Amino acid sequence: MSEMKKLGFGMMRLPLTQPDDPTKIDLPQVCRMVDTFLGKGFTYFDTAYMYHNHCSEKIVKKALVERHPRDCFKLATKLPLGMMKGMEPSDMERIFQEQREKCGVDYFDYYLLHCLDKENYARAQEFDSFAFLQQKKAEGQIRKMGFSYHDNAELLDQILTEHPETEFVQLQINYLDWEDDNVQSRKCYEVCVKHGKPVIVMEPVKGGMLANIPEKAADLFKSCEPDASIASWAVRFTASLDSVFMVLSGMSDEQQLQDNTSFMTDFKPLSKEELTIIDQAVDIIHASIAVSCTSCRYCTEGCPMKIAIPDCFTLYNRQYQFGDASHSKERFKDLIGRSGKPSECIACGQCEEHCPQHLPIIENLKKLAGMFEN
């Protein structure tokens, strides 16, 4: 694991030809990005069953698998336990074979149980999902098995104790969530260290939030490294952790890819001085965020009122940070012309059930409705 360069290409936020339709992926640009990524010596690609409304795995086949030798890249995808409510254990085989066909591969280098939390772990136990992954590994269809995780450190310790066959864990880690009581990045990381499990990092830039930080925080970074991008601080923070062997970045265009590969080609861990500056920036950023949403969009697929929750929260944060009421309200009018209104929320709770950040979405929608709809 340690021989690979530490940057992985996350196929979750690919460039689009139509910004409001996640299925309209800009394939020519993705192909160029894949070629550049491989050309610079990076090899790890991460996708999942539901990314881009079930289109990401197909794009992996077109942009990567059909265009490059199988032995020049590592591919990871995930079993969508959160979507398997009401299904049977036999559906795991059906979905797995569908993924192999969509990706066009005979095997996956890394295969994960997706988004383990209390509910999804219970389903994994009911379906005997860990044994399923072990079976696929024995058959040569999986090289390494693990899971992505979104819950507290106590449950993570329980899972790794009950399933020592786990070979790696994928965690949400970034400098803003490192000490967060809900995400528990540091505590979860320390559990993995305790169990000797290598870590893959997801959301190092927190859905892009840490690439667009308050000016006061950005000035701190620029005073130390004038030529470094703001995002580079977030990626390097996670890559500097000893037990992290891969940091995933959901790169949305060629510029982001060029930036990430520029400082990760010859990666240098953060210094003590740089870590001190990050601590100062965290305090500034926390004070500027109303809703800590990463725009993963796990909340939207089952919303009965079709509310574009992440887009609403983006506007909410913009208003909170900049007080730009007229611009935000105009964008809000355009948004609800294409989706449901926050005030139409029926408080069914499915969004909060699927939120990896454990946000009080329903309450925040009420606040947002009061801010923009009145």
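No experiment lies behind these values; they were computed from the predicted model shown.
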*Group every Ile, Leu, Val, Met, Phe, Trp and Tyr by side-chain heavy-atom contacts under 4.5 Å, then state whether I142 and Y107 land in the same group.*
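No, because I142 and Y107 fall into different hydrophobic clusters, even though each may have its own neighbours under 4.5 Å.
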
Shared hydrophobic cluster for L14 and V247 (ILVMFWY, side-chain gaps under 4.5 Å): yes

Distance, nearest 0.5 Å, that separates [atom1] of [X] from [atom2] of [Y]:
X    : Y    : atom1 : atom2 : result
S229 : Q258 : OG    : CD    : 12.5 Å
Q357 : I361 : CD    : CD1   : 9.5 Å
D181 : K187 : CG    : NZ    : 6.5 Å

Please give me the minimum heavy-atom distance between [X] and [Y], naming the atom from each residue.
X    : Y    : answer
L113 : S129 : CD2-CB, 3.8 Å
P356 : C296 : CD-SG, 3.7 Å
R70  : D109 : NH2-OD2, 2.8 Å

- With ring centroids as reference points, do H114 and Y298 lie under 6.0 angstrom apart?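 Judged by ring-centre distance (under 6.0 Å), H114 and Y298 do meet the cut-off.
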
Aromatic contact, F96 with F108 (centres under 6.0 Å) |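 Yes; F108 has its ring centre under 6.0 Å from that of F96.
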
Test: [X] and [Y] ion pair at under 4.0 Å:
X    : Y    : result
E119 : R123 : yes
E190 : R186 : yes
R297 : D311 : yes
K136 : E139 : yes
R13  : E203 : yes
D35  : R32  : no

Under 3.5 Å, is there a donor-acceptor pair between the side chain of [X] and the main chain of [Y]?
X    : Y    : value
K222 : A228 : yes
D177 : D180 : no
Q29  : E254 : yes
Q184 : E179 : no

Students often mix this up, so state it plainly: with edges at 30° and 60°, are the rings of F221 and W233 parallel, tilted or perpendicular?
parallel

- Angle class for the H163/F130 ring planes (parallel below 30°, perpendicular above 60°, tilted otherwise)? parallel

TODO: Compute both the distance and the angle, then confirm whether K5 meets the cation-pi test with F42: under 6.0 Å from the six-membered ring centre, within 45 degrees of the axis.
DONE: yes

Side chain to side chain contact (heavy atoms under 4.5 Å, CB included) with H54: of K58, E57, H52, M50, only one passes, and it is M50

- Does NZ belonging to K102 count more than 12 external heavy atoms closer than 6.0 Å? yes

